[in-house]
Amino acid sequence: MPELPEVEVVRAGLAPAVTGALVAGVEVLDARSLKRHDPASGAFESLVTGARIEAAVRRGKFLWLPFRPASPVAGADASGADASGSDASGSTGGAGADAAPLALVGHLGMSGQMLLRTPDHPGDDRHARIRLHLEHVGHGELRVDFVDQRIFGSLAVDRLVPTADGEVAGFSGDVTGAWARSIPTQVAHIARDPLDPAFDERAFFAALARRATGIKRVLLDQGVVSGIGNIYADEALWAAKLHPEQPAASISRRRARELLDAVRDVLLKALAEGGTSFDAQYVNVNGASGYFAHSLNAYGQTGRPCPRCGTPIVREPFMNRSSHRCPRCQRLRVARGD
DNA sequence: CGAAAGACCTGAGTGC
DNA sequence: TGCACTCAGGTCTTTC
């Protein structure tokens, strides 16, 4: 259940290994992990093979690797390669300057991992779905294994289009690349995350004021604010002393501001703890390893005393999952100015 | 447009 | 031992 901090750990671990790398080959072990790939744009394998990766970018929980497609001419005489990708609409247009910029888009879903490995690493991973074979000038040959038990995650090749606001699309540590202000079409509807310098606070407050539904539903709506999942929603609501079902529109501007601050605080804290957990050489780019159970105040703490007031935390059904809250600190309150 | 419910997935755990 | 059931949950789609 990787949320923003976990995905950022993955992005940061991947970035130095994939930036500038050539995709020498790809193995699709389970096509279900391509469910977000639109076959009309071409076969996944042929689009990715020969690509030169330019960066690793993240917005919310989405991750993408902008790349320059292989030049058809350069690839032709090198070695027969497998020309299996010659579908009906074969012409990919000469990979010149007018070729559409593309990106490899990834979402980890609930159980997805991007494991960075040496080429000789045993391929015995039970849930390995897709493997990328890379050649990197500095690191030599590498492998990225997309491992995903529950297959809620996926990889896809998608077109990059300019961002609606003209700002940098997501976080990558580099705002100068030609790809920086472009976003994959399937990520374009996702709001910026609250740590993004271009996050639109006014739009966030306006969305809250407009919604009659519970505040937790709004926090989980990636079209309003991205990067938050069940865990950090519960944590932020606990910190802001808000009941998950408190109607969003009933929350005063002042308390909404406190909530946004709490969200940022929770995400930054998790990021700080997660950022220290990987080793320098071959980073274990593992989305699940970054969970910081010791610092959780509400999520998964059913029956344990609220760290603030000592009242046992309760677990309640919520959208086919669970909410965890302190029944004393986080009460439903009638709409009224603060 | 907003809101809510269902679908997609697998494996661990529980009760009988 | 085995079977049925519950739970974990992010995002997309459908329905109202």
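None of the values given here were measured: they were computed from a predicted structure. In the text below, chain A, chain B and the rest are named by the order of the sequence lines, each starting its count at 1.
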- Item | Heavy-atom contact window of chain A on DNA chain C, given 5' to 3' at under 4.0 Å |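 Both ends considered, the range comes out as C:dC7 to C:dC12.
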
Please list all pairs meeting salt bridge (charged side-chain N to carboxylate O under 4.0 Å, His left out) that have one or both residues in [range], counting only residues at least two apart or in different chains.
range	value
residues 323-332 of chain A	A:E316-A:R325
residues 224-244 of chain A	A:K216-A:D234
residues 48-67 of chain A	A:E8-A:R58, A:E54-A:R68, A:R58-A:D193
residues 20-31 of chain A	A:E27-A:R131, A:D30-A:R32, A:D30-A:R129

- Using the closest heavy atom to pick a nucleotide of DNA chain B for each, name whichever of A:Q149 or A:M319 lands nearer the 5' end.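 So the residue in question is A:M319.
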
- 5′-ward residue of the pair A:R211/A:R129 relative to DNA chain B: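 Counting from the 5' end, the first nearest nucleotide belongs to A:R211.
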
- Task: Group every Ile, Leu, Val, Met, Phe, Trp and Tyr by side-chain heavy-atom contacts under 4.5 Å, then state whether A:V18 and A:I130 land in the same group.
- Result: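 Looking at the clustering, A:I130 is in the same group as A:V18.
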
- Salt-bridge test for A:E201 and A:R257: reply yes if a basic N is under 4.0 Å from a carboxylate O, no otherwise.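 Yes, this pair counts.
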
Return all side-chain donor-acceptor pairs below 3.5 angstrom for residues 302-313 of chain A, not counting sequence neighbours, or 'none' if the list is empty.
from   : atom 1 : to     : atom 2 : distance (Å)
A:R308 : NH1    : A:W238 : O      : 3.0
A:R308 : NH2    : A:W238 : O      : 2.9

- Query: Between A:H189 and A:H324, who's closer to the 5' end of DNA chain C by nearest nucleotide?
  - Reply: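 Nearest-nucleotide comparison on DNA chain C picks A:H324.
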
- Toward the 5' end of DNA chain C, by each residue's nearest nucleotide, A:S322 or A:K61: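 Per heavy-atom nearest nucleotide, the more 5' residue is A:S322.
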
- Message: For A:F171, give me all partners under ring pair (Phe, Tyr, Trp, His ring centres under 6.0 Å), at least two apart in sequence or on another chain.
- Response: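 A:F171 satisfies ring pair (Phe, Tyr, Trp, His ring centres under 6.0 Å) with no residue once adjacent residues are dropped.
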
- Message: Between A:S172 and A:D174, do the side chains contain a donor N or O and an acceptor N or O under 3.5 Å apart?
- Response: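 Short answer, no.
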
- Considering only heavy atoms of chain A and a distance under 4.0 Å, specify the first and last nucleotide of DNA chain B in 5' to 3' order that meet this criterion.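 Listed 5' to 3', the contact boundaries are B:dG2 to B:dG11.
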
- Item | Residues forming a side chain to side chain donor-acceptor pair (under 3.5 Å) with A:E245, sequence neighbours excluded |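 If we apply the side chain to side chain donor-acceptor pair (under 3.5 Å) test to A:E245, skipping adjacent residues, the hits are A:R217.
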
- Task: Using the test side chain to side chain donor-acceptor pair (under 3.5 Å), find all partners of A:D221 that sit at least two apart in sequence or belong to another chain.
- Result: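 A:D221 satisfies side chain to side chain donor-acceptor pair (under 3.5 Å) with A:R211 once adjacent residues are dropped.
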
- If you fit an axis to the five pairs at each end of the helix from B:dG2-C:dC16 to B:dC16-C:dG2, how big is the angle between those two axes, to 10 degrees?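 About 50°, once rounded to a multiple of 10°.
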
- Message: Among residues 215-228 of chain A, which ones have heavy-atom contacts with DNA chain C below 4.0 Å?
- Response: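 The answer is A:Q222.
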
- Query: Under 3.5 Å, is there a donor-acceptor pair between the side chain of A:S111 and the main chain of A:D148?
  - Reply: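 Answer holds: no.
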
- Please round to the nearest 0.5 Å and tell me the distance separating atom CG of A:L219 and atom CD1 of A:I228.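 Rounded to the nearest 0.5 Å, the CG-CD1 separation comes out at 5.0 Å.
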
- With heavy atoms under 4.0 Å as the rule, sort A:K35 into base, sugar-phosphate or nothing.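 Here A:K35 touches no strand at all.
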
- Message: Regarding A:S111, tell me which of base, sugar-phosphate or nothing describes its non-hydrogen contacts under 4.0 Å with the strands shown.
- Response: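 Touches nothing.
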
